[in-house]
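Chain naming here is simple, since letters A, B, ... match the order of the sequence lines and numbering starts at 1 in each. The figures here come from the full heavy-atom set of this structure, side chains too, leaving out hydrogens, waters and symmetry mates.
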Protein chains: 2
Amino acid sequence: MKWKELEEEPCSMARTIGVIGDRWTLLILRECFLRTRRFEGFQSALGITRHLLAERLKKLVRQGILRRIPYQESPKRHEYILTQKGIDLYPIMMAIVHWGDTHMVDERGRPLLHQHRKCGKDFDPVMVCSECGEPLSAKEVHTHPGPGARSLPEKSAPETRKAKARSRAA
Amino acid sequence: MKWKELEEEPCSMARTIGVIGDRWTLLILRECFLRTRRFEGFQSALGITRHLLAERLKKLVRQGILRRIPYQESPKRHEYILTQKGIDLYPIMMAIVHWGDTHMVDERGRPLLHQHRKCGKDFDPVMVCSECGEPLSAKEVHTHPGPGARSLPEKSAPETRKAKARSRAA
DNA sequence: ATCTTACAGTTCTATTTTAGAACTATAAGG
DNA sequence: CCTTATAGTTCTAAAATAGAACTGTAAGAT
């Protein structure tokens, strides 16, 4: 599988990974949500090479995740602003941060806290079912093919070689 | 910033990205959630080179995301099973899939649907506030330094050069 | 009028990663 | 003895990334 093909895979995860699934892109997006907008801002905040930064920004604009907007004439200068498509990445960012907060903090605790303006409290993000509102856990979810599926053979429980031999013998 | 340093950054997102933020790792984890457990299973499902697969699996085991469990003796064979730390990645996976379902589907529709066993319906994941239960949106969240912060200077609103000149002149 | 700085890139070489294919090893089954 | 299944390892070529220097426009300082 080549990287260009990823975006054509019949899998929403593969397609998304094709767009945002590399390390610098994710960090650039973090900066966007922290209100960084300009080339130099990204560069100094991240220490990314200018070459790669330019390339990643171009890609994000092509993908419709950032919009490149002029903020001054002569010399022409542009800012990079999240589109709605980009803002919709927020749950991914929060899910990533939350996992890090749970499993990667050192003894000093969380680097950042998130306050919900509506209720005023520091919170954690919780993922719930859109239909019943209950928190989701992996084993309560059954995945099945949708209209855009190509094929997804059901996997049977793995057998040991000996078990296979036994069942063939029977 | 080098990749080894990522995991020591005072940012839960950078640390998490250091662990799972590359394309193959994310796809391997997708397969784990679809119940793939064995080397050949990952390899044939993903088309990843055997070399990289071996390396990524080792890393995931080192990080405590997968556990390597023997399922037969002679020749010794192992399966890779998600630990709790690995299972906790589920919201990240679902958030990624959901963004793809929203922004990357073709005319045929979603490749996969997710059914919630508790309520029986196909659902979308929704991220809510742990404190008040309301759905979260980026602009209702205020980010501020926590106990593990190193420093996070507040960013002022960007100015144009002309505006800067004006304010200096004033 | 010239000099320095800010900004947003582009270009170049060296290093690191990844792709792709072939090879190794153990044991079962025919 | 030969083939297959499984889980790797090793090798070379191609691609991506790091790191530093360079380009171009214009403002402000000297």
Side-chain angles (χ1 to χ4, degrees), chain A residues 1-6 17-18 21-28 31 36-61 66 68-80 158-170, chain B residues 1-6 17-18 21-28 31 36-61 66 68-80 158-170:
Chain A
M1 200 193 306
K2 306 252 183 58
W3 282 122
K4 294 301 168 57
E5 301 167 38
L6 251 195
I17 289 170
D22 78 286
R23 314 204 207 203
W24 284 124
T25 298
L26 255 1
L27 289 172
I28 288 168
E31 285 306 306
T36 299
R37 297 156 130 89
R38 297 180 186 179
F39 193 93
E40 296 293 323
F42 291 109
Q43 205 282 319
S44 63
L46 297 175
I48 183 176
T49 65
R50 310 176 72 78
H51 177 57
L52 263 198
L53 176 58
E55 201 156 82
R56 292 292 190 270
L57 288 173
K58 253 181 222 158
K59 182 174 175 187
L60 287 167
V61 169
L66 296 180
R68 190 160 171 272
I69 297 178
Y71 69 90
Q72 78 177 23
E73 295 293 320
S74 78
K76 266 210 177 245
R77 292 282 185 261
H78 300 84
E79 297 188 310
Y80 297 90
E159 301 177 281
T160 64
R161 198 191 311 249
K162 276 172 189 169
K164 270 189 203 165
R166 249 182 277 124
S167 65
R168 253 197 298 275
Chain B
M1 200 195 305
K2 304 253 184 55
W3 282 123
K4 293 302 168 56
E5 300 167 38
L6 251 194
I17 289 171
D22 78 286
R23 315 205 206 202
W24 283 126
T25 299
L26 254 3
L27 289 172
I28 288 168
E31 286 306 307
T36 299
R37 298 157 130 90
R38 297 181 186 178
F39 193 93
E40 294 295 322
F42 291 109
Q43 205 282 318
S44 62
L46 298 175
I48 184 177
T49 65
R50 310 176 73 77
H51 178 58
L52 262 198
L53 176 57
E55 201 156 82
R56 292 291 190 271
L57 288 173
K58 252 180 223 159
K59 182 174 175 188
L60 286 167
V61 169
L66 297 179
R68 191 161 171 272
I69 297 178
Y71 69 88
Q72 80 176 21
E73 294 294 318
S74 79
K76 265 208 178 251
R77 292 284 184 259
H78 299 84
E79 297 188 309
Y80 296 89
E159 301 176 281
T160 63
R161 200 193 311 250
K162 276 173 191 169
K164 271 188 202 166
R166 250 181 276 124
S167 66
R168 255 197 296 273

Between [N] ([atom2]) and [X] ([atom1]): distance, integer Å:
X     : N      : atom1 : atom2 : answer
B:Q43 : C:dG20 : CD    : P     : 11 Å
B:Y71 : C:dA27 : OH    : C1'   : 12 Å
B:R56 : D:dG8  : CZ    : P     : 16 Å
A:R50 : D:dA20 : CZ    : P     : 13 Å
A:K76 : D:dA27 : NZ    : C1'   : 19 Å
B:E73 : D:dA7  : CD    : C1'   : 15 Å
A:L53 : C:dT11 : CG    : C1'   : 16 Å
B:Q72 : D:dT6  : CD    : C1'   : 8 Å

Would you mind telling me which of [options] lies closest to the side-chain atoms of [X]?
X     : options                : result
A:T49 : D:dA18, D:dC11, C:dA22 : D:dA18
B:L52 : C:dC12, C:dA19, C:dA8  : C:dA19
B:H51 : C:dT11, D:dT10, D:dA7  : D:dT10
B:F39 : C:dT11, D:dA7, C:dA6   : D:dA7
A:R77 : D:dG24, C:dA19, D:dA7  : D:dG24
A:A54 : D:dA26, C:dG9, C:dA22  : C:dG9
A:P75 : D:dG8, D:dT25, D:dA7   : D:dT25

Between the main-chain N or O of A:P70 and the side-chain N or O of A:E79, is there a donor-acceptor pair closer than 3.5 Å?
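It does not hold such a pair.
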
Can you see if the side chain of [X] gets near the phosphate of [N] - specifically, an N or O under 4.0 Å from OP1 or OP2?
X     : N      : value
A:R38 : C:dA6  : no
B:R68 : D:dG8  : yes
B:W24 : C:dT17 : no
A:R23 : C:dT17 : no
A:K58 : C:dT10 : yes
B:Y80 : D:dT6  : no

So, for B:Y80 and B:R68, which heavy atoms are closest and what is the spacing to 0.1 Å?
OH-NE, 3.3 Å

Heavy atoms of A:A45 and A:E31 approach each other most closely as CB-OE1, 3.5 Å

Take A:L6 and B:L27, measure what side-chain contact (heavy atoms from CB on, under 4.5 Å) needs, and give me the verdict at the end.
CA-CA 10 Å; A:L6 251 195; B:L27 289 172; 4.0 Å; yes

Would B:E40 and B:R50 pass as an ion pair if we require N to O under 4.0 Å?
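Yes, B:E40 and B:R50 are salt-bridged.
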
With the side chain counted from C-beta on, respond yes when A:D22 and A:R56 share a heavy-atom pair under 4.5 Å apart, and no when they do not.
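The answer is yes; the side chains approach within 4.5 Å.
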
Have a look at B:H78 and say if it touches a base, only the backbone sugar-phosphate, or nothing, with a 4.0 Å heavy-atom cut-off.
sugar-phosphate

